[in-house]
Amino acid sequence: MTSAQAAAGYAAGRDQASDRAHAVPRPAADGPPPWVAACGTPVAVVQGSWAGRRGLGSADPCPRCRAISPA
């Protein structure tokens with residue numbers, strides 16, 4: 001699997017306490033809340049691709065999610 005394929009398996013989410021971006025596995029992101037990021041953090045909003053501007057391209061991507069689901 002390429003890194004682009006790995007990133008495609010994740011959506012971008014944000015936790016409730018900050019604007020930190022987290023990687024949410026796509027199967028979970030496609031379902032109803034509650035959503036939990038790859039690092040175990042609950043997220044309030046899921047929107048966009050982890051490889052996009054709301055995920056890895058954001059100002060504050062989660063380092064644990066980045067290590068688990070690199071792009």
Side-chain angles (χ1 to χ4, degrees):
M1 178 183 305
T2 67
S3 59
Q5 289 171 319
Y10 292 90
R14 284 191 321 251
D15 68 26
Q16 294 182 10
S18 72
D19 281 336
R20 176 163 278 180
H22 292 275
V24 179
R26 182 61 68 184
D30 288 342
W35 300 294
V36 178
C39 68
T41 300
V43 296
V45 176
V46 174
Q47 185 178 32
S49 169
W50 174 240
R53 64 183 178 90
R54 290 188 173 106
L56 291 171
S58 73
D60 189 20
C62 171
R64 288 178 54 210
C65 285
R66 175 175 253 166
I68 294 167
S69 52

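Side chains included, hydrogens not; waters and symmetry mates left out as well; all remaining heavy atoms used.
- Y10 is listed as a side-chain neighbour of P25, based on a closest heavy-atom distance under 4.5 Å.
- Interatomic distance, NE2 of H22 versus SG of C65, reported as 6.0 Å (0.5 Å rounding).
- The shortest side-chain heavy-atom distance between S18 and D15 falls under the 4.5 Å cut-off.
- Although no hydrogens or angles enter the test, the distance criterion places no donor-acceptor pair under 3.5 Å between the side chain of T41 and the main chain of A37.
- Within the 4.5 Å cutoff, the side chain of V43 has no heavy atoms near those of the R14 side chain.
- The two residues A38 and I68 have their closest heavy-atom pair at O-CD1, 3.6 Å.
- Checked by atom type and distance alone, the side chain of S58 pairs as donor or acceptor with a backbone atom of G55 at under 3.5 Å.
- Of all heavy-atom pairs between R26 and S49, the closest is NH2-CA, 4.3 Å.
- For R20, the salt bridge (charged side-chain N to carboxylate O under 4.0 Å, His left out) partners are D60, not counting sequence neighbours.
- The minimum heavy-atom distance between V24 and W35, with the atom names listed, is CG1-CB, 4.4 Å.
- In this structure a side-chain-to-backbone donor-acceptor pair under 3.5 Å is missing from W50 to L56.
- When every heavy atom of Q47 is checked against every heavy atom of R54, the shortest pair comes out as O-CD, 3.4 Å.
- Nearest heavy atoms, A59 versus P61: C-CD, 3.7 Å.
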